[in-house]
Amino acid sequence: MSRVSVDFGGLQLKNPVLTASGTFGFGVEFMDYGDLRELGGLVAKGLSLRPREGNPSPRICETACGMLNAIGIQNPGVEVFLRDYLPRLPWRETAVVANLYACTVEEFGELAALLGAEEGVAALEVNVSCPNVSEGGAAFGQDPTMIRKVSESVKSRAGDKPVWVKLSPNVSDIAACAGAAAEGGADAVSLINTITGMAVDVRTRRPRLANVVGGLSGPAIKPVALRMVHQVRQALPDLPVVGIGGIATCEDVLEFILAGASAVQVGTVNFMRPDASFLLARGLEEEMDRLGVSNLEELRGSLRLPAPKISRR
Ligand SMILES: Cc1cc2nc3c(=O)[nH]c(=O)nc-3n(C[C@H](O)[C@H](O)[C@H](O)COP(=O)(O)O)c2cc1C
């Protein structure tokens with residue numbers, strides 16, 4: 001173990017810096033910007049059983065301190081990933097995490113069986129942000145019962161692979177959602193996916209996205225993500241958390257670890273600086289030296305909270 005390696009939920013990573021799904025392609029697209037083996041891991045673009053074209057354009061737009069996207073999980077399907085992309089990734093040296101997207105519990109299970117059988121896949125991350133087509137279209141991720149069912153379905157078919165359930169922040173009780181994932185057998189939760197938002201062009205009087213609404217990401221959402229990591233850590237201290245949301249600097253990485261995250265994912269900043277995740281993985285030890293942090297284990301969850309108020313009658 002080095003001072004930056006992390007070990008949680010049945011997985012060991014050389015450092016806590018992973019890339020976030022949908023912001024780093026399938027990894028091969030970023031090979032000109034750095035050596036993928038420097039990363040703790042990469043989370044591939046969301047995969048469905050069959051290819052998806054995604055939503056009509058425009059499907060991204062810039063906002064203050066962030067961006068909105070409504071890509072709609074465009075992807076070539078799980079088989080193309082396994083045939084054309086996974087063999088090109090250095091999966092023995094860096095953890096390749098597959099991100100699963102489906103609209104029924106059964107489809108999630110099928111995807112888990114296919115990906116769980118692959119030697120090159122280190123863990124499965126389940127995106128529960130999709131509308132649940134077999135139950136009338138309400139988002140899976142907003143219903144703890146459905147989160148538990150999806151987690152069970154994926155875990156039961158994932159073989160020995162760790163399962164991370166990626167939760168939506170568009171809920172009022174994130175700890176209840178994390179608890180449901182843990183009950184379903186999740187080895188960790190990934191927090192957070194994008195926050196639902198909208199942008200308007202006053203000149204054309206149209207929404208900026210063809211889909212009207214989209215998901216907000218980038219530095220604008222970092223405080224929300226930190227708050228949710230903290231709340232889940234407080235409610236479920238034994239459930240590992242992967243922190244995601246607006247991470248752009250080494251200091252951001254350490255903030256999430258202080259709040260209780262075991263690892264982090266780097267997303268929107270990849271669009272500004274395609275080498276950002278490599279820089280963070282490389283720069284972490286120097287930042288730890290600057291802040292007097294000896295190792296990540298010591299930092300994790302050592303947030304100094306105000307003493308609870310004692311009520312006197
Ligand atoms: C363009 C784009 C595409 C995304 N696609 C996916 C996806 O396929 N699956 C998924 O779970 N999350 C997806 N996300 C969400 C990110 O993985 C991440 O959770 C979110 O953007 C917050 O992190 P950030 O602020 O660092 O970008 C996407 C985000 C963006 C910006």
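Counting starts at 1 for both ligands and their atoms, following the listed order. Count residues from 1 along the sequence. Note that the structure is predicted; figures quoted are calculated from it, not measured.
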**Report entry** Derivation of the side-chain contact (heavy atoms from CB on, under 4.5 Å) call for E118 and W91
**Finding:** CA-CA 11 Å; E118 286 295 324; W91 51 264; over 6 Å; no
Query raised in the report: For G25, does its backbone N or O pair with a side-chain atom of E29 as donor and acceptor, under 3.5 Å?
Result: no
Query raised in the report: Should we say atom OH of Y33 is surrounded by more than 12 heavy atoms from elsewhere, each under 6.0 Å from it?
Result: no
**Report entry** Amino acids in close contact with ligand 1, where any non-hydrogen atom sits under 4.0 angstrom away
**Finding:** A20, S21, G22, T23, K45, G46, N69, I71, I73, N99, N127, K166, I192, N193, T194, S217, G218, I221, I244, G245, G246, G267, T268, F271
Requested in this report: List the steps, then state whether side-chain contact (heavy atoms from CB on, under 4.5 Å) holds for I71 with K45.
Outcome: CA-CA 11 Å; I71 305 292; K45 172 69 191 163; 4.2 Å; yes
Query raised in the report: With R3, which of N295, N15, D289 fulfils side chain to side chain donor-acceptor pair (under 3.5 Å)?
Result: D289
**Report entry** Distance-only donor-acceptor check, side chains N75 and S48, under 3.5 Å
**Finding:** yes
